[in-house]
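Predicted, not measured: the structure shown is a model, and the values here were computed from it. In what follows, every chain begins at residue 1, and chains take the letters A, B, ... in the order their sequences are listed.
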There are 4 protein chains.
Amino acid sequence: MKKIADDILNKVISSRPIISYKGSFGRVITIGGNEEYGGAIIMATNAAVHAGAGLVTCATSKINVTALHAQLPEAMFIDYTDTTKLNQAITKSNVVVIGPGLGTTAQSLAILKTTIAALSANHFIIVDGSAITLLAKNRNLLSQLKIANVIFTPHEMEWQRLSGIPIPNQDIKSNQSKQESLSANVVLKKYHTEIYHTNGSISQLSIGGPYMSTGGMGDTLTGIIAAFLCQFKQVSTSDRIDAAVYIHSAVASSLATQKYVVLPSDIIAELQHYMLISQKK
Amino acid sequence: MKKIADDILNKVISSRPIISYKGSFGRVITIGGNEEYGGAIIMATNAAVHAGAGLVTCATSKINVTALHAQLPEAMFIDYTDTTKLNQAITKSNVVVIGPGLGTTAQSLAILKTTIAALSANHFIIVDGSAITLLAKNRNLLSQLKIANVIFTPHEMEWQRLSGIPIPNQDIKSNQSKQESLSANVVLKKYHTEIYHTNGSISQLSIGGPYMSTGGMGDTLTGIIAAFLCQFKQVSTSDRIDAAVYIHSAVASSLATQKYVVLPSDIIAELQHYMLISQKK
Amino acid sequence: MKKIADDILNKVISSRPIISYKGSFGRVITIGGNEEYGGAIIMATNAAVHAGAGLVTCATSKINVTALHAQLPEAMFIDYTDTTKLNQAITKSNVVVIGPGLGTTAQSLAILKTTIAALSANHFIIVDGSAITLLAKNRNLLSQLKIANVIFTPHEMEWQRLSGIPIPNQDIKSNQSKQESLSANVVLKKYHTEIYHTNGSISQLSIGGPYMSTGGMGDTLTGIIAAFLCQFKQVSTSDRIDAAVYIHSAVASSLATQKYVVLPSDIIAELQHYMLISQKK
Amino acid sequence: MKKIADDILNKVISSRPIISYKGSFGRVITIGGNEEYGGAIIMATNAAVHAGAGLVTCATSKINVTALHAQLPEAMFIDYTDTTKLNQAITKSNVVVIGPGLGTTAQSLAILKTTIAALSANHFIIVDGSAITLLAKNRNLLSQLKIANVIFTPHEMEWQRLSGIPIPNQDIKSNQSKQESLSANVVLKKYHTEIYHTNGSISQLSIGGPYMSTGGMGDTLTGIIAAFLCQFKQVSTSDRIDAAVYIHSAVASSLATQKYVVLPSDIIAELQHYMLISQKK
């Protein structure tokens, strides 16, 4: 198991080609945010925009459109209950984030099914939060998901639900075995987060701290991973994921010299600057 | 009566354990904000998030969800008229704030009753503003409230309503006697705020100033108290309350070197930084 | 005609009494903001809060409540079509602002009538924008208005409508004669704004500049005047008005060293700081 | 083909006349922002306000009014489906922006038709995004548009649709020939944007970079062009357009020393300062 070191950022965050268009840096669609957890998908969307994704669409409950646009006019919106539009928007996207604030109702499940049905082999899909819980309960969807490049981002309890491995037994060997059977990358969020890649490598985070223990951190991470997958195609998928996970904590660690607790919104606001200085270092 | 000194912050605001989760720092639910006073519960919620509570849910009128998420995507929302969800959310919380912007209508009273019925012996509940007024008029609810750890945060007129002691007669002995019969902590907000603790001690604030005399200050205080009760379990309840009351004025005092009047939003924005430097001092 | 000098701020912006409450600094109600011009009343309200009014309520179209609370949770809201609540809120207020974004429809007129009917001799009322236009067309309301302390804040075209004096003929003598018959203070907004006071004095502004020629400036001024009338009761009404008009341009002038055009939101954000340094100078 | 040099800003951004009114700096109306792309018209509007237009009205879907006012109370709103009001507002405006987030539905087309029908010979109209696509499909509208001073702001694909010239064949001669037949200015957005003026001159941008390749950049540019057309009437239309295009990239380039990707909101926030220092240089 390899510790992710600071040089991952320098390796992954490359200079943008001089001649480029917003399309050059990919299209992300973020799917989630029901009537109660709208903030979660807003943070994911905001992180994707600030981390450099070319175009970002947020598919969420109609109740969330104003809060989204009030702080992030850069994002587009679709009503996630409009199946036709959701399907079209996924088809046009390179990276899908599903889960932040999605909930676990019948409607949430229907949206997850529509999403999975729209995936192709070229898609990346980041599956987080309640989408993981829904998949744990709807095993038949798991195999359909395999058509795409999948990144699960569970915390330990969600991983227990998905993998069937109780938290105390979540050792490297068991985790990797399960990850292989899922044919997916797994970002297991915990103290010293572990990342199990489909290429067989395992990475571990050794930065970050308890100033990050606050609601919305995981939602924010999904947006950063999405943006990194979109942009940095010159490096491997595993490096892109590792760099996204690393920068999320590196920014927080940097801000923790000024703040007792670091909020997701603080990290989002600092991403553009931190990406620049990481590239230059 | 003990003056609260600056060292209360150093004593209470401890380093977070290296291995911790958002759940380690508690769940707060803030209840209030009717169709007219939505700002009050938003400020309370915002203060709780910035003061480090692990997870914060705002139970308010549906009209307030967008204004909440537009400035604070970190918070979750529930419609406070949904009795089932409100009850569930309270059950899962460690600290309840009720009152900011709640109003005094029949609906407000119904929400207060639902809240009190959902309390257990493990709960902390901070009772502020219109919730105090409602309790003063509905004495039967007062005894039901005693099941939990109660903190009342009245200003002098609200204390008159609740205690029956006219403002001119609100001396220490009378206040303490009434506080004891309420089996609750009382934060009596006034020039040099007095805090009557259930352990029999009395503390007094000697900082703060007239730059804090502006709408929303009390709402903001409730959120800070809630976050401190959640997080700093290694010290006594009375120390946590004293520290929360102290930091609220200490931050304002610090900002008053730059501003003629200090707004609640200014205090909220500075909390994370002030908590860090207070810890380090 | 006296030029308002910088020392007006030092004279008016006094230290707050050590023992004070939000009620000590007055209650402002701002009335306006229809379905199209909601921003106008939000700026007036925001200025009143930042300029130190103790408690501020915004009476506006229901469509504006979320935009108000998203940026200013410190303010309270009432639906301006709820006549009973509007009447109660005015009765409890010290200073009324009416006009920013009010419009000139039948509904606007009805709200103006309700407002005037609720005034007492103790009220200050600042009449701006479309409320001036409405009064110019509804002369019978003008005499009812006289019960209160009135401040009109017309620009030259509005003054032409209200006074009947064509812009080219708006000389000092004609203006003062009309102002006397109105029994009101008149802040005639123009290049080098003129202020005609009910005490017979006339003041003139000699600061400010074309960087202030942008939408919303006048709305912002009404909120500052309201806050100054509320707070600084130790000086005359004329001094309070002069100081409010002066600081509005002084802040803009200060910001114009950094910005080609100065927006109302920029001025609002700087008010607290500028009031502090003006007091200390 | 002339490279636009830095001195264009110094030439165009003049000192404002000492005696001036918001009306002196023109009225802009921005038209667009359907239920999904509200952010686009908000960014255009925000850019127009920050770039110094005197009065700015945003005609958009009613769903966007709160997000607009939450971040920009300086702008006015009208419902773009209210044909009467839209027509009146256009008549009163000097510069019209149409297209950002407008969409390509029957409703979008109806709004475009209403807009074109309201134009006079004195109007400037900036036609962007989906409005270009609509015009490419509705050729009869193109000739009606010629009554006004037209500025098209297509990217290469939109130019292909409008001009019929495939992207690989978009050479200077072909572009200019088509631009002449359109009797319009064409800002062809690409790597080193080209501007074809109605006076026969062609300008080219040689600044900017891939940090600008993110959603919303073009929307923001329309607002800046609108504000520059409104204000700087002492120079030619072609200089005003060149300066607006230049400053958009110059601000981004300046911010790119601090940020890996520069967002439209970042550019908007810096415009007032950059205009000041450009004027002074």
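- Heavy-atom pairs under 4.5 Å with chain A peak, among D:G101, D:P210, D:G216, at D:P210.
- Between D:S265 and A:P73 the shortest side-chain heavy-atom distance falls below 4.5 Å.
- In this structure, chain A has no heavy atom under 4.5 Å from any part of D:V65.
- With hydrogens and angles disregarded, a donor-acceptor distance shorter than 3.5 Å links the side chain of D:Q71 to the backbone of A:H69.
- To the nearest 0.5 angstrom, D:L263 atom CG is 8.5 Å from A:N46 atom CG.
- For the atom pair D:Y260 OH and A:Y274 OH, the distance stands at 15.5 Å (nearest 0.5 Å).
- Interface check for chain D: of the options A:T66, A:V49, A:L271, the most heavy-atom pairs under 4.5 Å are formed by A:T66.
- The line from CE of D:M212 to CZ of A:R16 is 11.5 Å long, rounded to the nearest 0.5 Å.
- Within a 6.0 Å sphere centred on OH of A:Y246, other residues, nucleotides and ligands contribute more than 12 heavy atoms.
- Within 6.0 Å of the NZ atom in A:K233, the count of heavy atoms belonging to other residues, nucleotides or ligands exceeds 12.
- In this structure, A:I19 CD1 and D:K190 NZ are separated by 9.0 Å, a value rounded to the nearest 0.5 Å.
- Considering OH of A:Y21 and CD of D:E156, their distance stands at 4.5 Å, rounded to 0.5 Å.
- Residue D:I63 touches chain A through both its backbone and its side chain, counting heavy-atom pairs closer than 4.5 Å.
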What's the verdict on side chain to side chain contact (heavy atoms under 4.5 Å, CB included) for D:K259 and A:L276, showing C-alpha distance, side-chain angles and the deciding distance?
CA-CA 6 Å; D:K259 292 166 187 277; A:L276 185 76; 5.8 Å; no
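- For D:A67, the parts lying near chain A are the backbone and the side chain together; criterion is any non-hydrogen pair under 4.5 Å.
- By number of non-hydrogen pairs under 4.5 angstrom with chain A, the leading residue of D:D266, D:I42, D:I41 is D:D266.
- At least one donor-acceptor pair closer than 3.5 Å links the side chain of D:S213 to the backbone N or O of A:S20.
- For D:Y37, the OH atom is loosely surrounded, since the number of other residues' heavy atoms within 6.0 Å does not exceed 12.
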Yes or no on side chain to side chain contact (heavy atoms under 4.5 Å, CB included) for D:T214 and A:F25, after CA distance, side-chain angles and deciding distance?
CA-CA 8 Å; D:T214 188; A:F25 304 112; over 6 Å; no
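- The candidate with the highest count of non-hydrogen atom pairs below 4.5 Å against chain D, out of A:E74, A:M76, A:K85, is A:E74.
- Contacts between D:E35 and chain A at a heavy-atom distance below 4.5 Å involve backbone atoms as well as side-chain atoms.
- In this structure, no portion of A:E270 lies under 4.5 Å from any heavy atom of chain D.
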